[in-house]
Amino acid sequence: MILQAAGLALLAALSPTALLVAAVFLGSARPRVTGAFYLAGALAMSLIMGVVLVVVLRSADLNHPAQHAPRYGLRLGLGILLVAAAIVLARRKPRPPDPAKPQQGIVSKLVANPGPLSAFLAGLLIFAPGATFLAALQVIATSRADVAETTVALIVVVVINVLLVWVPIVLYLVAPEFTTRHLMAFNGWLRAHGKTILVWVLIVAGAIMIGNGIYGLVVNR
């Protein structure tokens, strides 16, 4: 259970936006403080939503043996939604930038003014639970693990989910100039390929969930 949830959490962690924002904050006037608040916001959102969603799903008793079909049906449904989201994203054409409105989104405005509060809010917004993170959580919630194992699994998933926040911060603390230089250089590549990365993340996660759902419904009846 933990390995499957961790694998899906790793896919959820592959967020170009999270890394781009981390690069901007670590290049700000107060990188350590700003980065720490960004990580705090990301952890807070991931942990709170993780606990809430696991409790809600557990309350539906999907982890009980009698709920075998609904449990794997949920996984199959999530997998189909993930693949559908990937198809929609791949077909959607990017909106051309408006020169009169260079910063149109809330996150863009927060990133444009780096500071502890804006970094914390950016962490909350960017790490609002996505479909892949939800898939990882449902693996935990629908398993027959006890409270201790569920807690460990949830902590592992949360830590992995914010991987692209705490890893750059740790690297910055060890080698600030090296990290800043390479993050900024990597920034351009991410901007150009971020959509492709996200599409493939959704496809892989969706395929895993569909395969697991079909296996559970057909083989383990």
Chemist: Is it true that V204 and L3 fall in one hydrophobic cluster, defined by side-chain heavy atoms closer than 4.5 Å?
Modeler: no
Chemist: Are L164 and V170 linked, directly or through intermediate hydrophobic residues, by side-chain heavy-atom contacts shorter than 4.5 Å (ILVMFWY only)?
Modeler: yes
Chemist: According to a hydrophobic-cluster definition based on side-chain heavy atoms being under 4.5 Å apart (Ile, Leu, Val, Met, Phe, Trp, Tyr only), do L10 and I155 belong together?
Modeler: yes
Chemist: Would a distance-only check, ignoring hydrogens and angles, find a side-chain to backbone donor-acceptor pair under 3.5 Å from R58 to I140?
Modeler: yes
Chemist: Contact between W166 and L43 at the side-chain level, heavy atoms closer than 4.5 Å - yes or no?
Modeler: no
Chemist: How many angstroms lie between atom CG of L11 and atom CD1 of I203, to the nearest 0.5 angstrom?
Modeler: 12.0 Å
Chemist: Would you say the side chain of W200 lies within less than 4.5 Å of the side chain of L14, judging by non-hydrogen atoms?
Modeler: no
Chemist: Is a donor from one side chain sitting under 3.5 angstrom from an acceptor on the other, for S118 and N113?
Modeler: no
Chemist: Within a strict 4.5 Å, meaning less than it, do heavy atoms of the V157 and F133 side chains meet?
Modeler: yes
Chemist: From the options L8, L53, L81, select the one residue that forms a side chain to side chain contact (heavy atoms under 4.5 Å, CB included) with L134.
Modeler: L53
Chemist: Taking C-beta and beyond as the side chain, do L19 and L183 meet within less than 4.5 Å on heavy atoms?
Modeler: yes
Chemist: Looking at F37, I'd like to know if its CZ atom is crowded, meaning that more than 12 non-hydrogen atoms belonging to other residues, nucleotides or ligands lie closer than 6.0 Å.
Modeler: no
Chemist: If you look at every heavy atom in A153 and I2, which pair is closest and at what distance?
Modeler: CB-CG1, 3.7 Å
Chemist: If we ignore hydrogens and angles and just use 3.5 Å, is the side chain of T34 paired with the main-chain N or O of F25 as donor and acceptor?
Modeler: no
Chemist: Considering all heavy atoms of both residues, which atom of V162 and which atom of A42 are nearest to each other, and what is their separation?
Modeler: CG1-CB, 3.7 Å
Chemist: Less than 4.5 Å apart, any side-chain heavy atom of L154 and any of L137?
Modeler: yes
Chemist: Among the clusters formed by ILVMFWY side chains lying less than 4.5 Å apart, do F178 and L26 turn up in the same one?
Modeler: no
Chemist: Nearest 0.5 Å please: distance from the OG atom of S15 over to the CG atom of L20.
Modeler: 8.0 Å
Chemist: Which pair of non-hydrogen atoms, one from L78 and one from Q138, has the smallest distance, and what is that distance?
Modeler: CD1-CG, 3.4 Å
Chemist: Hydrophobic clusters here meaning ILVMFWY residues chained together by side-chain heavy-atom distances under 4.5 Å, can you tell me if V167 and F127 are in one?
Modeler: yes
Chemist: Check whether any side-chain N or O of Y38 sits under 3.5 Å from a backbone N or O of A18 as a donor-acceptor pair, and report yes or no.
Modeler: yes
Chemist: Looking at every heavy atom in both S28 and P114, which two are closest together, and how far apart are they?
Modeler: CB-CB, 3.7 Å
Chemist: How far does OG1 of T132 sit from CG of L202, to the nearest 0.5 angstrom?
Modeler: 5.0 Å
Chemist: Only one of V51, V52, L57 clears side chain to side chain contact (heavy atoms under 4.5 Å, CB included) with V55; which?
Modeler: V51
